[in-house]
Amino acid sequence: MKMTTTSPRETELLGERLARQLKGGEVLALFGGMGMGKTAFTRGLARGLDVQDPVSSPTFALVNEYAGRLPLYHFDMYRVTSWDDLYSTGFFDYLETGGVLVIEWSENIEEALPENTVKIIFKRGNGENDREIEIEGLEL
């Protein structure tokens, strides 16, 4: 499914809408360059999961954990360049928690993603704030 958002707020609302369908155990792999709306989408996702804490990119922490209707684990794999790096994040342990994993920079760990991963691809649209977002593996 492909859609276009025209502002960060619309991108957040898309994440919020998607979150309402989640039951736990989902892996959401976000693909797209810097500034494409991945963190905005995750903020909306968190809001849709009733997370009360502010959401920010876990660039240096590698993973941020949030409590909500379902646990949300927000990964940033930008600096992950090897299997050793990936193991050090605890990624494989998080897969067993029943929480929702949302992964920025999934390009860097694509070969490690589970088979049923929901892929969400962000691309720049025509306008400065337009984003073309394609979701594979889950219908809204």
Side-chain angles (χ1 to χ4, degrees):
M1 165 182 41
K2 292 182 182 183
M3 61 208 59
T4 301
T5 62
T6 59
S7 69
R9 175 77 179 132
E10 281 187 15
T11 301
E12 284 186 32
L13 289 172
L14 177 63
E16 188 173 350
R17 198 168 103 205
L18 188 142
R20 292 190 189 113
Q21 297 184 45
L22 302 179
K23 310 239 183 305
E26 293 90 355
V27 176
L28 308 177
L30 310 185
F31 294 83
M34 194 81 65
M36 288 296 106
K38 299 182 299 287
T39 302
F41 177 86
T42 303
R43 273 194 302 273
L45 191 74
R47 194 169 45 251
L49 291 173
D50 301 323
V51 169
Q52 301 301 311
D53 296 325
V55 171
S56 61
S57 183
T59 302
F60 297 103
L62 297 180
V63 62
N64 288 338
E65 299 181 10
Y66 301 100
R69 175 176 64 81
L70 298 168
L72 177 63
Y73 305 108
H74 182 196
F75 287 86
D76 185 321
M77 299 298 186
Y78 184 75
R79 289 177 169 69
V80 173
T81 59
S82 69
W83 282 96
D84 286 342
D85 289 349
L86 183 58
Y87 277 104
S88 74
T89 68
F91 173 75
F92 295 103
D93 295 326
Y94 282 98
L95 290 172
E96 306 300 321
T97 66
V100 175
L101 279 65
V102 61
I103 306 159
E104 295 192 35
W105 298 102
S106 291
E107 297 88 337
N108 291 351
I109 66 157
E110 195 163 4
E111 63 280 355
L113 295 171
E115 188 175 308
N116 60 345
T117 296
V118 176
K119 293 184 177 183
I120 305 172
I121 302 150
F122 295 78
K123 296 179 182 171
R124 188 171 306 282
N126 293 331
E128 182 178 334
N129 290 315
D130 293 355
R131 297 295 179 263
E132 303 291 334
I133 301 170
E134 182 174 357
I135 301 174
E136 300 174 3
L138 188 68
E139 292 297 322
L140 284 179

Can you tell me how far the [atom1] atom of [X] sits from the [atom2] atom of [Y], to the nearest 0.5 Å?
X	Y	atom1	atom2	answer
Thr81	Ile109	OG1	CD1	12.5 Å
Leu28	Ser106	CG	OG	9.0 Å
Asn108	Asp85	CG	CG	10.0 Å
Trp105	Phe31	CH2	CZ	12.0 Å
Met36	Ile120	CE	CD1	15.5 Å
Thr117	Glu136	OG1	CD	11.0 Å

query = side-chain contact (heavy atoms from CB on, under 4.5 Å) with Phe92: which residues, sequence neighbours excluded?
reply = Trp83, Leu86, Tyr87, Leu95, Ala112
request  = Sequence neighbours left out, what passes side-chain contact (heavy atoms from CB on, under 4.5 Å) with Asp50? Give chain and number order.
outcome  = Arg69
key: Donor-acceptor pair between Gln52 and Tyr66 side chains, under 3.5 angstrom   = no
ask   = Checking Asn64 side chain against Ser56 main chain: does a donor-acceptor pair fall under 3.5 Å?
value = yes
pair Leu72-Glu65: side-chain heavy atoms closer than 4.5 Å = no
inquiry  = Any non-hydrogen side-chain atom of Val27 less than 4.5 Å from a side-chain atom of Val118?
reply    = no
request  = Indicate if Leu30 and Leu13 have the same hydrophobic cluster label, given that clusters are the connected sets of ILVMFWY residues with side-chain heavy-atom separations under 4.5 angstrom.
outcome  = no
ask   = Honestly curious: do Ile121 and Leu101 fall in one hydrophobic cluster under the side-chain, below-4.5 Å linking rule?
value = yes
task = Evaluate the side-chain hydrogen bond (donor to acceptor under 3.5 Å, both in side chains) criterion for residues Glu104 and His74: first the C-alpha distance (whole Å), next the side-chain angles of each, then the deciding distance (0.1 Å), finally the verdict.
result = CA-CA 8 Å; Glu104 295 192 35; His74 182 196; 2.7 Å; yes
task = Can you see which heavy atom on Leu113 is nearest to which on Ala29, and at what distance?
result = CD1-CB, 3.7 Å
Val63 vs Thr89, side chain to side chain contact (heavy atoms under 4.5 Å, CB included): CA-CA, chis, key distance, verdict = CA-CA 7 Å; Val63 62; Thr89 68; 5.8 Å; no
message = Per the side chain to side chain donor-acceptor pair (under 3.5 Å) rule, what does the pair list look like for residues 120-130, sequence neighbours excluded?
response = none
key: Phe91 and Tyr73: CA distance, side-chain angles, deciding distance, ring pair (Phe, Tyr, Trp, His ring centres under 6.0 Å) verdict   = CA-CA 9 Å; Phe91 173 75; Tyr73 305 108; over 10 Å; no
Just distance, no hydrogens or angles: give the donor-acceptor pairs under 3.5 Å from side chains in residues 41-48, sequence neighbours left out.
| unit_1 | atom_1 | unit_2 | atom_2 | d |
| --- | --- | --- | --- | --- |
| Thr42 | OG1 | Lys38 | O | 2.9 |
| Arg43 | NE | Glu12 | OE2 | 3.1 |
| Arg43 | NH2 | Glu12 | OE2 | 3.4 |
| Arg47 | NE | Glu16 | OE1 | 2.9 |
| Arg47 | NH1 | Glu12 | OE1 | 3.1 |
| Arg47 | NH2 | Glu12 | OE1 | 3.2 |
| Arg47 | NH2 | Glu16 | OE1 | 3.4 |

query = Given Ile103 and Asp76, is the side chain to side chain contact (heavy atoms under 4.5 Å, CB included) satisfied, shown in steps?
reply = CA-CA 6 Å; Ile103 306 159; Asp76 185 321; over 6 Å; no
message = Per the salt bridge (Lys or Arg N to Asp or Glu O under 4.0 Å) rule, what does the pair list look like for residues 106-116, sequence neighbours excluded?
response = Glu110-Lys119
I'd like a table of donor-acceptor pairs (distance under 3.5 Å, sequence neighbours excluded) in which one partner is a side-chain atom from residues 3-11, with atom names and distances.
| unit_1 | atom_1 | unit_2 | atom_2 | d |
| --- | --- | --- | --- | --- |
| Thr4 | OG1 | Glu132 | OE1 | 2.8 |
| Thr4 | OG1 | Glu132 | OE2 | 3.2 |
| Thr5 | OG1 | Thr11 | OG1 | 2.7 |
| Thr6 | OG1 | Glu10 | OE1 | 3.2 |
| Thr6 | OG1 | Glu10 | OE2 | 2.9 |
| Ser7 | OG | Arg9 | N | 3.4 |
| Ser7 | OG | Glu10 | N | 3.1 |
| Glu10 | OE1 | Thr6 | N | 2.9 |
| Thr11 | OG1 | Ser7 | O | 3.3 |

